[in-house]
Colleague: 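Sharing a structure here in structure tokens format.
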Number of protein chains: 2
Amino acid sequence: MFSKACEYGIKAAIFIATQSYEGKRVSPKAISEEIDSPQAFTAKILQALVRNDLVTSVKGAYGGFEIDRNQLSSIKLSQVVNAIDGDSIYKGCGLGLHKCDASHPCSVHDKFVAVRAGLKDMLENTSLEELALNIKSGDAFLKV
Amino acid sequence: MFSKACEYGIKAAIFIATQSYEGKRVSPKAISEEIDSPQAFTAKILQALVRNDLVTSVKGAYGGFEIDRNQLSSIKLSQVVNAIDGDSIYKGCGLGLHKCDASHPCSVHDKFVAVRAGLKDMLENTSLEELALNIKSGDAFLKV
DNA sequence: CTTATTTCGGATAAATTTATCCTATTTATA
DNA sequence: TATAAATAGGATAAATTTATCCGAAATAAG
Ligand code: FES
Ligand code: FES
């Protein structure tokens, strides 16, 4: 469904969110340990999140990654996915036609569009805050 | 969403279905031209469909691929997807946890399971016959 | 039986994704 | 200013997916 990079990116964003809740910055090392991902690869993905203004990075000593607490509720999963995997999951044809187009639809277009809309809706209506709280409460997990 | 192999497999199955409707067998060459896919790679994918008893192959002169007309309505898209991509799209965790498990859920589990159920339902309730008829009527397309 | 045709299947190559390594740059603190 | 700590980013490697090639096996027809 999502690329490995995107899975790591989502989990990293959620973990950063849980720590930013308490005003803590986190390192790629801490992140990769917490979400069980390769450190250097995760660092690359974090850069993409920074470039897309979803996460703030602070260089130098005592630096790290953080998310503005006031933005935790407004940052949606869709933005994280879009920053890493792009928008093909929303816009691309399910059977790989050059573009998804109702006037030249593939065989599964009508049905696929409906499923995709459900996914889009889910991603656009799920905030990092919500996911971070689920982790903090112990209702959900980031690894294993 | 689906792998390239799976996209080709679905389109190939649909094309074979349209031809089997008229009692015609088709070659990998004809298939790859019709669905705009690499021929040798498509041939490999067809073998997977044959192994899974979704498509019948006839070797030798005047051979080719075909689908029993009586089965067109009972073969579902889910079977084609399953033969090529396996069942991870139904069963796998959206964030890559080792298994999707309600007692140890990832952050998006509840919402993801719902989206996945929609996809599963769609695939399990769409027959090759239905898709083949859409192609024959010109309401849907296999390439471009 | 021979031949032409066609799928099967193994080996290999190219492309993409995933992962690692190392150096440069930035920055807080002493 | 010097130093240590930390992200940024380029180069490279490994793994997986996608794609190609070629000979073996099967089969219909002459
Ligand atoms: S054209 Fe294929 S999903 Fe819309
Ligand atoms: S545990 Fe992640 S989707 Fe179910």
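Sequence lines set the chain letters: A, B, ... in the order given, protein chains first and strands last, and positions in each chain run from 1.
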Colleague: What's the CZ-P distance between A:Arg25 and D:dT7, to the nearest Å?
Modeller: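 Between P of D:dT7 and CZ of A:Arg25: 10 Å.
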
Colleague: Side-chain contact test, heavy atoms from C-beta onward, threshold under 4.5 Å: evaluate it for A:Asp36 versus A:Lys11 and give yes or no.
Modeller: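 The answer is no, as the side chains (C-beta and beyond) never meet within the 4.5 Å cut-off.
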
Colleague: With a 4.0 Å cut-off on heavy atoms, is A:Val26 in touch with a base, just the backbone sugar-phosphate, or nothing at all?
Modeller: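 The answer is sugar-phosphate, as A:Val26 gets under 4.0 Å only of primed atoms, P, OP1 or OP2.
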
Colleague: C:dT5 P sits how many Å from B:Lys29 NZ, rounded?
Modeller: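 Result: 13 Å.
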
Colleague: Please state how far atom CG in A:Asn52 lies from atom C1' in D:dA8, giving the value in whole angstrom units.
Modeller: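 Atom CG in A:Asn52 sits about 16 Å away from atom C1' in D:dA8.
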
Colleague: To 10°, what angle do the rotation axes through the five end pairs on each side of the helix from C:dC1-D:dG30 to C:dA30-D:dT1 form?
Modeller: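 Its terminal axes enclose an angle near 10°.
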
Colleague: Between A:Phe65 and B:Tyr62, which is nearer to the 5' end of DNA chain D once each is assigned its nearest nucleotide?
Modeller: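 So the residue in question is A:Phe65.
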
Colleague: Less than 4.5 Å apart, any side-chain heavy atom of B:Leu46 and any of B:Ser57?
Modeller: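 With C-beta onward as the side chain, the pair stays apart.
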
Colleague: Taking the side chain as everything from C-beta on, heavy atoms only, tell me whether A:Gln39 gets closer than 4.5 Å to A:Ile31.
Modeller: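 They are not in side-chain contact.
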
Colleague: Checking B:Lys136 against B:Glu129 for the salt bridge (charged side-chain N to carboxylate O under 4.0 Å, His left out) test, could you report, in this order, the C-alpha distance in whole Å, the side-chain angles of both residues, the deciding distance, and whether it holds?
Modeller: CA-CA 10 Å; B:Lys136 287 172 74 76; B:Glu129 178 177 50; over 6 Å; no

Colleague: Given atom NZ of B:Lys59 and atom P of D:dA26, what is their separation to the nearest angstrom?
Modeller: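 These atoms are roughly 5 Å apart.
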
Colleague: Could you give the CD1-to-P distance, from A:Ile45 to D:dG9, as a whole number of Å?
Modeller: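 Between P of D:dG9 and CD1 of A:Ile45: 15 Å.
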
Colleague: Which label fits B:Phe41 and B:Tyr8: parallel for a plane angle under 30°, tilted from 30 to 60°, or perpendicular past 60°?
Modeller: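 B:Phe41 vs B:Tyr8 ring planes: perpendicular.
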
Colleague: Between B:Ser57 and C:dC8, does any side-chain N or O lie under 4.0 Å from OP1 or OP2?
Modeller: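 Yes, because at least one side-chain N or O of B:Ser57 sits under 4.0 Å from OP1 or OP2 of C:dC8.
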
Colleague: Under 4.0 Å from any atom of DNA chain C, heavy atoms only: list the residues of residues 10-24 of chain A that qualify, in numerical order.
Modeller: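 Of all residues in residues 10-24 of chain A, none places a heavy atom under 4.0 Å from DNA chain C.
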
Colleague: Give, for atom CD of B:Gln19 and atom CD1 of B:Ile135, the distance between the pair rounded to the nearest 0.5 Å.
Modeller: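 Going from the CD atom of B:Gln19 to the CD1 atom of B:Ile135 covers 11.0 Å.
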
Colleague: Starting the side chain at C-beta, find the nucleotide from D:dA5, C:dT5, C:dC8 nearest to A:Ala61.
Modeller: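 Nearest nucleotide to the side chain: D:dA5.
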
Colleague: Might you confirm whether atom NZ of B:Lys143 has over 12 heavy atoms from other residues, nucleotides or ligands at distances under 6.0 Å?
Modeller: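 Yes, NZ of B:Lys143 has more than 12 neighbouring heavy atoms, counting only those of other groups under 6.0 Å.
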
Colleague: Just how far, in rounded Å, is P of D:dA25 from CD of B:Gln47?
Modeller: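 Atom-to-atom, B:Gln47 to D:dA25, this comes out as 15 Å.
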
Colleague: Do B:Arg69 and B:Glu22 sit within salt-bridge range, that is, some charged N less than 4.0 Å from a carboxylate O?
Modeller: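 Looking at B:Arg69 and B:Glu22, the cut-off is not met.
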
Colleague: Are the charged groups of A:Lys29 and A:Glu34 less than 4.0 angstrom apart, N to O?
Modeller: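 Salt bridge between A:Lys29 and A:Glu34, a charged N being under 4.0 Å from a carboxylate O: no.
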
Colleague: Tell me if a side-chain donor or acceptor on B:Gln79 pairs with a main-chain N or O of B:Lys76 at a distance below 3.5 Å.
Modeller: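 It does hold such a pair.
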
Colleague: Protein-nucleotides 16-22 of chain C N/O pairs closer than 3.5 Å?
Modeller:
from: C:dT18; atom 1: OP1; to: A:Lys4; atom 2: N; distance (Å): 3.0
from: C:dA19; atom 1: OP1; to: A:Tyr8; atom 2: OH; distance (Å): 3.4
from: C:dA19; atom 1: OP2; to: A:Tyr8; atom 2: OH; distance (Å): 3.0

Colleague: Go through the side-chain N and O atoms of B:Asn134 and A:Ser107 and say whether any donor and acceptor fall under 3.5 Å apart.
Modeller: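 There is no such pair between these side chains.
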
Colleague: Between atom CZ in A:Arg51 and atom C1' in D:dT7, what is the gap in whole Å?
Modeller: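 In whole Å, D:dT7 C1' lies 13 Å from A:Arg51 CZ.
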
